Amino acid sequence: IKSNWKQLLMFEDDLNDTKYYNHRSFDYMVTTKMVVDYIVNLDEEFKETYNLYQSILRCFKYDNKDKYQKLIKQDTSNVSSYMQTAIKTLVKHDSLVIESMTSEYSNGPIEGINNKIKVIKRVSYGYRSFLNFKLRIMICFNLIKKA
């Protein structure tokens, strides 16, 4: 079960239900949707947790603010304690989450730039001068051309 964690985190509509393959846990050909359905049906608490998670993902994907607010305010006694903690966090920051759903802006591009700079820093094993580091960053982002 543990090896299938990526499929469990996927959006339910994106699971493949047409491509069959051999899975080491099954004696027959399965799809990723069949594997996820099997795992989810092993435990009732896990099933409720998974369904709540998928509902929240669906709200984020389709920017459904009203359904999202209903989901985080409903009774969560039948889901796992980890999901209850996550729901409490979402309730605490409800206005910010709703704002992120309505806003057209994202900090994704800035995070990508920061990540690229950190990779340059890690791969370089340090620069002797800040100027050389700055020049490397500017070259990688095509702000200046190599001479």
Side-chain angles (χ1 to χ4, degrees), residues 1-127 130 132-143:
I1 293 173
K2 190 175 180 179
S3 65
N4 298 304
W5 65 273
K6 287 183 182 179
Q7 286 86 15
L8 291 169
L9 293 178
M10 285 177 67
F11 186 56
E12 200 171 28
D13 297 343
D14 294 339
L15 290 173
N16 192 337
D17 60 348
T18 57
K19 185 178 177 185
Y20 287 84
Y21 66 97
N22 285 324
H23 192 281
R24 65 175 178 242
S25 299
F26 298 94
D27 294 334
Y28 49 90
M29 302 283 280
V30 293
T31 63
T32 53
K33 184 157 180 54
M34 290 169 65
V35 172
V36 168
D37 288 341
Y38 174 78
I39 294 170
V40 166
N41 288 317
L42 289 176
D43 182 48
E44 192 61 35
E45 181 184 78
F46 185 69
K47 184 176 186 178
E48 293 296 324
T49 304
Y50 179 78
N51 289 335
L52 180 60
Y53 169 72
Q54 288 297 324
S55 298
I56 291 172
L57 273 184
R58 191 168 281 107
C59 290
F60 285 132
K61 185 169 185 174
Y62 299 117
D63 294 330
N64 192 341
K65 298 176 287 289
D66 299 327
K67 187 174 180 185
Y68 166 75
Q69 287 181 324
K70 287 178 188 174
L71 282 173
I72 63 171
K73 288 182 173 61
Q74 74 182 14
D75 179 36
T76 58
S77 60
N78 54 350
V79 298
S80 73
S81 61
Y82 297 109
M83 183 58 105
Q84 289 174 0
T85 304
I87 295 294
K88 285 179 189 175
T89 304
L90 289 174
V91 168
K92 182 178 177 182
H93 302 289
D94 184 38
S95 61
L96 298 173
V97 174
I98 296 295
E99 180 63 31
S100 72
M101 292 170 103
T102 58
S103 177
E104 61 187 51
Y105 298 110
S106 170
N107 65 341
I110 299 298
E111 292 294 333
I113 291 169
N114 288 342
N115 186 39
K116 195 168 186 180
I117 291 171
K118 287 180 182 180
V119 169
I120 293 168
K121 185 178 166 185
R122 186 176 62 241
V123 171
S124 68
Y125 299 108
Y127 283 96
F130 179 74
N132 289 342
F133 181 52
K134 182 179 169 184
L135 286 172
R136 173 56 62 191
I137 292 169
M138 293 177 79
I139 289 170
C140 287
F141 286 102
N142 293 326
L143 298 175

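The basis for the numbers below is simple: all heavy atoms, side chains too, and nothing from hydrogens, waters or symmetry mates. Everything numeric here is computed off the predicted structure, so don't read it as measured data.
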Set out, in order, the CA-CA distance, both residues' side-chain angles and the distance that settles side-chain contact (heavy atoms from CB on, under 4.5 Å) for L52 and Q74, then state yes or no.
CA-CA 10 Å; L52 180 60; Q74 74 182 14; 3.5 Å; yes
Kindly indicate, with the supporting measurements, whether the criterion side-chain contact (heavy atoms from CB on, under 4.5 Å) is fulfilled by L90 and I56.
CA-CA 10 Å; L90 289 174; I56 291 172; 4.3 Å; yes
Report the C-alpha distance between I39 and Y50 in whole Å, list the side-chain angles of each, state the deciding distance to 0.1 Å, and finish with yes or no for side-chain contact (heavy atoms from CB on, under 4.5 Å).
CA-CA 10 Å; I39 294 170; Y50 179 78; over 6 Å; no
Pair Y21-T31, side-chain contact (heavy atoms from CB on, under 4.5 Å): steps then yes or no
CA-CA 6 Å; Y21 66 97; T31 63; 5.5 Å; no
Taking it one step at a time, do Y20 and Y28 satisfy ring pair (Phe, Tyr, Trp, His ring centres under 6.0 Å)?
CA-CA 9 Å; Y20 287 84; Y28 49 90; 9.5 Å; no
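Using modelled atom types and a 3.5 Å distance limit, the side chains of N16 and T18 yield a donor-acceptor pair.
A cation-pi geometry, defined here as NZ or CZ lying under 6.0 Å from the six-membered ring centre and within 45° of its normal, does not hold between K121 and F133.
When each of F11, Y68, Y53 is checked for a ring pair (Phe, Tyr, Trp, His ring centres under 6.0 Å) with F60, only Y68 meets the rule.
Around the OH atom of Y38, the shell of radius 6.0 Å holds no more than 12 heavy atoms that belong to other residues, nucleotides or ligands.
Annotation: the span from K118 atom NZ to E111 atom CD amounts to 7.5 Å, rounded to 0.5 Å. Residue D37 holds its CG atom at 11.0 Å from CG of L42, rounded to the nearest 0.5 Å. Atom SG of C59 sits about 9.0 Å away from atom CG of L57, to the nearest 0.5 Å. Note: N107 CG to I113 CD1 = 11.0 Å, rounded to the nearest 0.5 Å. Of the inter-residue distances, the one linking N132 atom CG with L135 atom CG reads 6.0 Å to the nearest 0.5 angstrom. Considering CG of L8 and NZ of K2, their distance stands at 13.0 Å, rounded to 0.5 Å.
T49 has its side chain out of reach of Y82: every pair of non-hydrogen atoms, C-beta onward, lies at least 4.5 Å apart. Side-chain contact check for V91 versus K73: every heavy-atom pair is 4.5 Å or farther apart.
Annotation: salt bridge (Lys or Arg N to Asp or Glu O under 4.0 Å) contacts involving residues 60-72, sequence neighbours excluded, are absent. Applying the salt bridge (Lys or Arg N to Asp or Glu O under 4.0 Å) rule to pairs touching residues 45-60 yields E12-R58, D13-R58, sequence neighbours excluded.
The backbone N or O of E99 sits nowhere less than 3.5 Å from a side-chain atom of S103 that would complete a donor-acceptor pair. Of the possible donor and acceptor atoms, none in the side chain of T76 sits under 3.5 Å from a partner among the backbone N and O of I72. With Q54 contributing its side chain and L9 its backbone, the two residues share no donor-acceptor pair below 3.5 Å. No donor-acceptor distance shorter than 3.5 angstrom exists from the side chain of T32 to the backbone of L15, with no hydrogens or angles considered.
S95 is linked by a side chain to side chain donor-acceptor pair (under 3.5 Å) to nothing, counting only residues two or more places apart in sequence or in another chain.
Of all the heavy atoms in I120 and C140, the pair that sits closest is CD1-SG, 3.7 Å. Heavy atoms only, all atoms of each residue included: N78 and D75 are closest at OD1-O, 3.9 Å.
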